[in-house]
Protein chains: 2
Amino acid sequence: MNPVAPTSVEIENPRETFKEFLASKGLRVTNQRTAIFDAAFKIEDHFTAEDLLDHARALDDSVSRATVYRSLPLLTESGLIREVDVGHDNKYYLASHRAKTFQAQVICEDCSHIFEVDAPFMEWYGKTVCDKLDMTPESQRLQVSAHCSNFTKTGSCERGGKTVATA
Amino acid sequence: MNPVAPTSVEIENPRETFKEFLASKGLRVTNQRTAIFDAAFKIEDHFTAEDLLDHARALDDSVSRATVYRSLPLLTESGLIREVDVGHDNKYYLASHRAKTFQAQVICEDCSHIFEVDAPFMEWYGKTVCDKLDMTPESQRLQVSAHCSNFTKTGSCERGGKTVATA
DNA sequence: ATTGATGCAAACTGTTTGCACAGCT
DNA sequence: AGCTGTGCAAACAGTTTGCATCAAT
């Protein structure tokens with residue numbers, strides 16, 4: 001559909017990839033880490049640390065909050081989970097296979113829903129601006145806060161559970 | 001220089017404007033509120049709540065942390081101060097007369113310095129994307145995290161105190 | 001004189017950390 | 001056995017709030 005859409009990195013065996021990542025850093029593959037990873041990879045939406053704790057506990061009830069917080073940096077470092085900083089109260093995360101490389105977020109002010117939309121030009125923009133400042137771009141993010149016209153009318157902006165919109 | 005640069009709203013008498021804002025909401029003009037506003041308007045850089053407390057106390061040492069936090073929403077509501085959410089640990093603010101309407105931020109990962117740069121296309125982008133989702137854009141922000149090549153070489157990326165760069 | 005605004009300190013939220021114990025390898 | 005990873009609870013940072021007092025209108 002979109003001829004220049006950024007490609008999402010599709011990983012064959014993500015869990016194995018995670019284990020390899022741990023091994024490569026000399027870290028152990030524990031039940032908790034596996035449960036946390038499995039949970040994170042399975043959640044279809046953007047999630048918070050607390051959400052992740054809930055889901056991970058459903059898989060292994062020995063998982064503690066501390067371990068979730070200690071694992072999150074590992075997950076993001078491995079590239080399998082990405083941090084989506086909306087600037088709101090707490091941080092959000094999203095499994096990488098649900099997001100493409102350069103995407104912007106549209107945050108619904110009414111229901112807090114986060115839509116991921118393609119924004120391939122972001123890379124170019126970051127480079128252009130950084131060149132002028134003699135800097136090297138590391139990452140960029142583009143976020144639009146918006147109101148759902150559906151919500152304003154009907155008082156609800158549920159979109160049938162569709163979370164990752166490719167507008 | 002820039003033919004389509006967004007214009008910064010220049011206010012003749014900002015302190016008076018703030019007083020009028022307070023009056024219009026039936027709020028009292030207190031010494032503390034005035035001190036906090038004066039401090040905020042005078043700070044040349046992006047500032048945190050704590051920075052503002054320091055500066056406000058220099059003008060009126062009776063100002064408390066609680067009042068600063070209680071005043072910040074007033075300042076942003078009045079439009080005289082704007083919130084610049086960098087997603088980092090704490091929130092940053094900036095006097096509106098130091099920022100233009102559509103600007104992006106380049107955040108130096110090395111010294112945490114925030115550069116404001118023109119990004120007039122943001123408005124267009126927000127509208128375009130929101131149309132597709134049947135939403136109404138409220139605000140948009142574009143942020144680039146970057147490394148300062150100067151810092152990497154010399155271990156310092158002070159740019160002569162220049163904070164608001166118009167790249 | 002009213003009634004809103006303030007300072008203080010305690011509460012709160014999200015996250016991090018010290019410590020003793022559990023469990024990989 | 002040795003040492004990493006864990007759960008627990010306490011610590012932490014930034015922000016919010018309840019309450020008695022203070023001061024703008």
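Every chain is numbered from 1, with letters handed out A, B, ... down the list of sequences.
Residues of residues 69-76 of chain B having a heavy atom closer than 4.0 Å to DNA chain D, listed by number: Tyr69(B), Arg70(B).
The CG-C1' distance, from Asp51(B) to dT15(D), rounds to 15 Å in whole Å. Rounded to an integer number of Å, the gap from Arg57(B) CZ to dT6(C) P is 14 Å. Protein atom CZ of Phe37(B) is 19 Å distant from nucleotide atom C1' of dA5(C), rounded to whole Å. Between Leu52(B) atom CG and dG14(D) atom P the separation is 15 Å, expressed in whole Å. Rounded to a whole Å, the CD atom of Glu50(A) is 13 Å from the P atom of dT16(C). Put simply, CG on Asp54(B) is 12 Å from P on dG14(D), counting in whole angstrom units. Distance CG (Leu53(B)) to C1' (dT16(D)): 15 Å, rounded to an integer number of Å.
Under the salt bridge (Lys or Arg N to Asp or Glu O under 4.0 Å) criterion, Asp38(B) pairs with Arg15(B), sequence neighbours left out. With sequence neighbours excluded, the residues forming a ring pair (Phe, Tyr, Trp, His ring centres under 6.0 Å) with Phe18(A) are Phe37(A), listed by chain and number. The salt bridge (Lys or Arg N to Asp or Glu O under 4.0 Å) check on Glu20(B) picks up nothing, with sequence neighbours excluded. Ser64(B) pairs by the side-chain hydrogen bond (donor to acceptor under 3.5 Å, both in side chains) definition with Thr67(B), not counting sequence neighbours. Judged as a salt bridge (Lys or Arg N to Asp or Glu O under 4.0 Å), and not counting sequence neighbours, the contacts of Glu50(B) are Arg65(B). By the salt bridge (Lys or Arg N to Asp or Glu O under 4.0 Å) test, Lys127(A) is found to be paired with Glu123(A), residues two or more places apart in sequence or in another chain being considered.
Listed by first then second residue, pairs satisfying ring-ring contact (aromatic ring centres under 6.0 Å, His included) with a partner in residues 125-145 of chain B read Phe121(A)-Tyr125(B), not counting sequence neighbours.
With hydrogens and angles left out, the side-chain atoms of Thr48(B) and Asp51(B) include a donor and acceptor closer than 3.5 Å. Side-chain contact of Gln140(B) with Gln143(A): a donor-acceptor pair under 3.5 Å is absent, judged by distance alone.
Nucleic acid contact for Arg65(B): base, since at least one base atom lies under 4.0 Å from a heavy atom of the residue.
Side-chain atoms of Arg33(B) lie closest to dA5(C) of the nucleotides dC8(C), dT15(C), dA5(C).
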Base-contact (B) and sugar-phosphate-only (S) positions in nucleotides 20-25 of chain D, heavy-atom cut-off under 4.0 Å, - elsewhere:
---BBS

